[in-house]
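Written below as structure tokens is the structure these notes are about.
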Amino acid sequence: MTTRTRFAPSPTGYMHIGNLRTALYEYLIAKSQGGRFILRIEDTDQKRLVEGATDIIYNTLKMVGMNWDEGPDIGGDFGPYVQSMRKDLYAPYAHKLVELGGAHYCFCAEREKQLDEDGNEIICKFDDPCKHLSLEEAKARIAKGEPYTVRQTINKTGKSHYEDKVYGIIEIDYDELDEGVLLKTDGFPTYNFANVIDDHLMGITHVVRGSEYLPSTPKYNLIYDAFGWERPVYVHLPPVMKDAQHKLSKRNGDASFQDLLAKGYLPEAVINYIALLGWNPGNEEEIFSLADLTKIFSVERLNKSPAIFDIVKLTWMNGVYLRNLSADDFYQKALPYMESLPQNVDKKALAAALQPRVETLGQIVEQIDFIRALPDYSTELYFNKKMKTDVEIAKQVLPLIKDTLTNQVAWDNDSLFASLKTLAEAKGLKNGQILYPARIALSGKETTPGGATELAVILGQQESINRIDQAIKKLN
RNA sequence: GGUCCCAUCGUCUAAUGGUUAGGACAUCACCCUUUCACGGUGGUAAUAUGGGUUCGAAUCCCGUUGGGAUCACCA
């Protein structure tokens, strides 16, 4: 049987990293076994729909290369792939389940609280009085137009067992399971029910989802069993954490895929990083493309403890991807971040200098801000122990540099370097004692995309001389 | 609170009874260097805790502690 997995997001907002990782593992489980990856939109809660949310889902998946084999936009043999369009399909199954004894009609009020004859509160989901109603009586009340729900019926004795691919055997007392609503008053199914029906109808073989479903999975199994359907393989995933106490959640402004993109992270790097958040290949490699991952992925190497999302390591990995880009690819990607630059700047050369120096494309902006305008900087920057420079050296050397630059004819990197080196030798100074202060004076920054002469080339002769001049004035 | 789940460096993890507990990020030092990076070399750093079982436990069992999840006509 071919493996079929589905990614079934609800379109309620942005795609966060935990969601994306779930989708990734679903994709990899299918693709590593030559199976099919299905996209299904779960929009049964009409109140929570967010406009444009499905487009974000489509775009994200496409951008990272996780192409689906069946889905709302491309169809497939088991459509439609949007739950709201399947609405009419669920109710007959709900009624069938009542016939089969797996559910009953319930007339409890929405808050699920009612009082018995002594005024004590009774809770439907735990011991629903409606389940003792005869089917005839229930049907009669429905016929009268009374609002109702279909509620799962659970025999509260014994224990449930099932095997999860990640967590192993899970055992839960039936007594712990509540008799949840399957079909709402509005005729829509709840997630619990729609999920089971759709997964079965769509031939899903591996149900992959967050570990928060671990305790409620027996309820799903009861439904499969009542219909006489084969249970799927379960793969529950540990949560992705923001820190030791909190799950990653977008509500607190935690990193969403969109945020990361905006900051200049590459989709490939993000995918690579999150693949390793809860899974490992069993060897010490860690740079993998999506295609690599489909070859080596295995469910057995999935981890069961929560993993903290570490932006620092992602950033490192993004830097690796950036450095592996061809010079031209990097240039193309860097271009949008270099818009503030004056016309005369050689962006291609600048990009080449930037490539090994940034770990996200977003860092380009702060790396190059000095080009347009010299920042306000502290003269402390002139101090560098290894270069044997300090403010005094700068005072002494900057006027000499100014003269050299003023007399310079050939304004290219090699010529400039040769001239300044000659200057250093003539004055009996180390190269760094000339070049370091020059770089600070030209940029006003501690770290820059290139050395003094490279900056001078970028800035041009006139601007370079101006800046050296300003620096001299600043020191006196 | 009931129930379920989890527990190796700060972080991601490897080691399916026998290893000097390995790697990566971060961090520190040094090297390289025209600054800063990149790159290279090395260092610091972990089996939560108490009991068992065993010749031998990070690994198996029990307790404790800590953490997470779940208990909606949300998904």
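All chains are named by letter (A, B, ...) in the order of the sequence lines, taking the proteins before the strands, and each is independently numbered beginning at 1.
The base of B:U35 sits within donor-acceptor range of the side chain of A:Arg357, with an N or O pair under 3.5 Å. You'll find a donor-acceptor pair under 3.5 Å spanning the side chain of A:Lys313 and the base of B:A24, going by distance alone. No donor-acceptor contact under 3.5 Å links the side chain of A:Ser216 to the base of B:U70. Between the side chain of A:Tyr213 and the base of B:A75 there is at least one donor-acceptor pair of N/O atoms closer than 3.5 Å. Side-chain atoms of A:Arg323 and base atoms of B:C38 include no donor and acceptor less than 3.5 Å apart.
The base-pairing partner of B:A14, taking Watson-Crick or G-U wobble contacts with both distances under 3.5 Å, does not exist among the strands shown. Remark: B:U27 base-pairs with B:G43; criterion is Watson-Crick or G-U wobble with both hydrogen-bond distances under 3.5 Å. Using Watson-Crick or G-U wobble geometry with both donor-acceptor distances under 3.5 Å, B:U70 finds its partner in B:G2. When both distances must be under 3.5 Å, the Watson-Crick or G-U wobble mate of B:C32 does not exist.
The side-chain ring of A:Tyr191 is not stacked on the base of B:C74, judged by centre separation under 5.5 angstrom and plane angle under 30 degrees.
Of the candidates B:U35, B:C12, B:A26, the closest approach to any side-chain atom of A:Ala307 belongs to B:C12. Minimum atom distance to the side chain of A:Ile308 is reached by B:U11, of the listed B:U11, B:A15, B:C5. Closest to the side chain of A:Ser10, out of B:A75, B:A14, B:G68, is B:A75. Proximity note for A:Glu359 (side chain, C-beta onward) versus B:A26, B:A24, B:U34: the nearest is B:A26. For A:Gln245, counting side-chain heavy atoms from C-beta on, the closest listed nucleotide (B:C4, B:G67, B:A15) is B:G67. When each of B:U35, B:C74, B:U11 is scored by its nearest atom to the side-chain atoms of A:Thr190, the top-ranked nucleotide is B:C74. Comparing B:U34, B:G68, B:A26 against the side chain of A:Met241 picks out B:G68 as the nearest. Ranking B:U34, B:C6, B:U13 by closeness to the A:Asn280 side chain, first place goes to B:U13. In this structure, the nucleotide among B:C38, B:G68, B:A14 sitting nearest to the side chain of A:Pro356 is B:C38.
Atom P of nucleotide B:C36 and atom CD of A:Glu366 are separated by 18 Å, given to the nearest angstrom. What separates CG of A:Leu248 from C1' of B:C12 is a distance of 15 Å, to the nearest Å. Spacing between atom CG of A:Asn192 and atom C1' of B:C74 amounts to 10 Å, rounded to whole angstrom units. Atom-to-atom, CG of A:Asn283 to P of B:A24 comes out at 13 Å; the value is rounded to the nearest Å. The distance between atom CG of A:Asp310 and atom P of B:A26, rounded to the nearest whole Å, is 9 Å.
Nucleic acid contact class of A:Leu314 (heavy atoms, under 4.0 Å, all strands): none. Among the heavy atoms of the strands lying under 4.0 Å from A:Ala452 is at least one base atom, whether or not backbone atoms are also near. Here A:Arg209 lies out of heavy-atom contact (under 4.0 Å) with every strand. At the heavy-atom level, A:Asp243 lies nowhere under 4.0 Å from the strands shown. Using a 4.0 Å heavy-atom distance criterion, A:Asn303 is classed as a sugar-phosphate-only contact.
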Polar atom pairs between nucleotides 19-22 of chain B and protein, under 3.5 Å, N or O only, would you list them?
| from | atom 1 | to | atom 2 | distance (Å) |
| --- | --- | --- | --- | --- |
| B:G22 | O2' | A:Glu284 | OE2 | 3.3 |

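Distances shown here put every side-chain N or O of A:Asn431 at or beyond 4.0 Å from the OP1 or OP2 atom of B:U34. Residue A:Lys184 places at least one side-chain N or O closer than 4.0 Å to OP1 or OP2 of B:C74. The phosphate of B:C6 has OP1 or OP2 within less than 4.0 Å of a side-chain N or O from A:Lys304.
Annotation for A:Lys430: atom NZ does not count as buried by contact number, only 12 or fewer foreign heavy atoms lying within 6.0 Å. A 6.0 Å sphere centred on CD of A:Glu446 holds no more than 12 heavy atoms belonging to other residues, nucleotides or ligands.
Applying the ring pair (Phe, Tyr, Trp, His ring centres under 6.0 Å) test between A:Tyr213 and each of A:Tyr167, A:Tyr191, A:Tyr234 identifies A:Tyr191 as the sole match.
The structure places CZ of A:Phe193 at 14.5 Å from CZ of A:Phe188, a figure rounded to the nearest 0.5 Å.
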